[in-house]
Amino acid sequence: MALAAERQPVLDVQAVRDLFPILEQRVHGKPLVYLDNAATTQRPRAVLDAMAEFYESYNANVHRGIYAFSEKASARYEEVRSKVQALIGAAAPEEIVFTRGTTEALNLVAQSWGRANLREGDEILVTEMEHHSNFVPWQMVAKETGARLRCARVTDEGRLDREDFRANLTGRTRIVALAHVSNVLGTINPVADLAREAHTRGAIVVVDGAQAAGHLPVDVRALGCDFYAFSAHKMYGPTGVGALYGRLDLLDAMEPTMGGGGMIGEVTLERTTWADVPHRFEAGTMPIAEVIALGAAVDFLLDLDRETIRAHEERLTSYALARLKSCRGVKVFGPPTTAGRAPVLSLASHDVHPHDLATVMDRDGVAVRAGHHCAQPLMRRLGVGATARASFALYNTTDEVDAFIRSLEHAEAFFRGS
Ligand code: PMP
């Protein structure tokens, strides 16, 4: 019994791959090795089917009609709120607001909670490893309100500098905004500990979960955060949709940032009252098909079990880190082991520009990303203009890691002229 309990869960990767039609594609005559999952993942058949089924068999606007299709669409749409609630451990479905994605969710908090609560001299604390989505909205609201934006440093190993975080957390900090997982370094931030520290100073905690929701088990109540944002397209769902989790008491006290249909209580010539949470924040016709397909992505993740997914992706990351050690002239950024690390690997070559690496790798069928990854402050901290980034998902295999390494060595040799 003890052995069974200790055994690492194993994912049947081939069976999983069969669920993703796009993985059968060839690129430049080579099998596709898709390693740009941090930018967007691929979608399983069930997600594609959920969208097609909506359009083919019950397409209607939600919350407006009293005919059968509209009622079915509305029910399905609202069911997804409960699915997302279950996925991230929220206390109630009303704590889930559908948005266009992480970016919109973070802007919503900045523009609604931020504008209402920040005063001149207040402070917002972010970290050096933030994606621009969790940086620029705070910079904008700081400028509008006279608040000060502070930034906690990253260590040479690519982890958050806890001492610097503490030094920047003051009695004036109203908001701490940080990534659960860095989209460049793969670093998993110890959100629960940091949230505890932030709360003792009276700040609220906003978490950018874009790189976590599809890879780690997420429990917003265990994390102790006040807001949590993520995008469906990075967790096997469609583009154009995501969610903001917010503690109900906080959401309840917030003003909407967009006015229009569906978000009102009553409209008169003089004034408008707001609908209850979460509809207050969902103005206009929402991406209904996409929300319903997000529900299929949540089912997919929960069926496979996120601990099992995590264990598989950790094995891939560990294998890739070990193989990269023997690549001459290649520097890997971020934590050196899989401890506190998600499946994102950024690297720089001594001899080859990241864009050239990615271009040559593409000819081998290997899709990696090169650039600043919307994290320019972090690039400056790392002392590079860009990195090449490989990021894994549940359908990747160790054979694909081998193909990636072979292609990397090929690119290095090509540019070294050897
Ligand atoms: N935060 C992080 C950490 C990300 O990786 C991304 C996507 N690259 C975003 C925010 C923004 O997500 P979206 O473009 O889906 O809004």
Side-chain angles (χ1 to χ4, degrees), residues 34-43 47 84 88 97-111 126-140 151 154 158-160 176-189 191 194 205-216 218 223 225 227-245 257 281 286-287 290-291 293-294 297 313 333-334 340-346 367-379 381-382 386-393:
Y34 185 76
L35 303 180
D36 195 18
N37 295 286
T40 197
T41 56
Q42 303 300 342
R43 290 96 181 112
V47 168
V84 171
I88 62 169
V97 178
F98 293 124
T99 65
R100 271 200 306 133
T102 309
T103 303
E104 188 175 282
L106 294 168
N107 275 276
L108 171 54
V109 182
Q111 288 302 312
V126 297
T127 84
E128 236 171 10
M129 70 174 87
E130 298 313 311
H131 186 281
H132 296 161
S133 292
N134 201 27
F135 201 94
V136 181
W138 305 115
Q139 214 166 35
M140 288 163 71
C151 189
V154 166
R159 298 188 198 273
L160 180 64
V176 170
L178 81 163
H180 194 173
V181 171
S182 159
N183 67 313
V184 175
L185 303 165
T187 309
I188 303 174
N189 280 314
V191 173
L194 300 170
V205 177
V206 183
V207 180
D208 170 353
Q211 295 297 339
H215 301 280
L216 311 179
V218 173
L223 291 175
C225 58
F227 293 98
Y228 193 95
F230 65 91
S231 302
H233 71 98
K234 293 182 197 284
M235 47 166 279
Y236 313 104
T239 53
V241 68
L244 172 69
Y245 156 80
T257 53
F281 303 108
M286 294 292 287
E290 286 80 0
V291 168
L294 163 61
E313 294 178 347
F333 298 101
R341 197 188 217 295
V344 181
L345 290 167
S346 272
V368 296
R369 181 150 294 240
H372 56 63
H373 314 293
C374 299
Q376 288 181 348
L378 179 60
M379 291 296 119
R381 166 68 178 89
L382 300 176
T387 72
R389 181 185 71 185
S391 48
F392 306 126

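In listed order, ligands and their atoms are each counted from 1.
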| message | Tell me whether the rings of Tyr228 and His180 are parallel (<30°), tilted (30 to 60°) or perpendicular (>60°). | response | perpendicular
| query | Is there a heavy atom of Arg100 sitting under 4.0 angstrom from any atom of ligand 1? | reply | no
| query | So, does Ser231 use its side chain to make a donor-acceptor pair with the main chain of His233 at under 3.5 Å? | reply | no
| said: Using side-chain heavy atoms (C-beta onward) and a distance below 4.5 Å, is Phe227 in contact with Leu108? | reply: no
| said: Below 4.0 Å from ligand 1: does a non-hydrogen atom of Asp208 turn up there or not? | reply: yes
| Subset of ligand 1 atoms that lie under 4.0 Å from at least one heavy atom of Thr102 | 10 (C), 12 (O), 16 (O)
| request: Identify, for atom 4 (C) of ligand 1, the protein heavy atom at the shortest distance, and state residue, atom and that distance. | output: His131 CD2, 3.3 Å
| query | Are side-chain heavy atoms of Met129 and Val184 found at a separation under 4.5 Å? | reply | no
| Looking only at protein heavy atoms, which one is nearest to atom 7 (C) of ligand 1, and how far off is it? | Lys234 NZ, 2.5 Å
| Does atom CZ of Arg100 have more than 12 heavy-atom neighbours from other groups under 6.0 Å away? | no
| Within the distance-only criterion (no hydrogens, no angle test), does the side chain of Thr41 pair as donor or acceptor with the backbone N or O of Tyr236 below 3.5 angstrom? | yes
| said: To check your reading of the model: name the closest protein heavy atom to atom 5 (O) of ligand 1, its residue, and the distance in Å. | reply: Gln211 NE2, 2.6 Å
| request: Enumerate the atoms of ligand 1 whose separation from the nearest heavy atom of Ala210 is less than 4.0 angstrom. | output: 1 (N), 2 (C), 4 (C), 6 (C), 9 (C), 10 (C)
| request: Check side-chain hydrogen bond (donor to acceptor under 3.5 Å, both in side chains) between Asn183 and all other residues, then give those that pass, not counting sequence neighbours. | output: none
| Sub-4.0 Å atoms of ligand 1 with respect to non-hydrogen atoms of Asn183 | 3 (C), 5 (O)
| said: Taking 4.0 angstrom as the limit and counting only heavy atoms of Ser231, give me the atoms of ligand 1 inside it, by number and element. | reply: 12 (O), 13 (P), 15 (O), 16 (O)
| request: Below 4.0 angstrom from a heavy atom of Thr103, which ligand 1 atoms are there? Numbered from 1 as shown, please. | output: 11 (C), 12 (O), 13 (P), 14 (O), 16 (O)
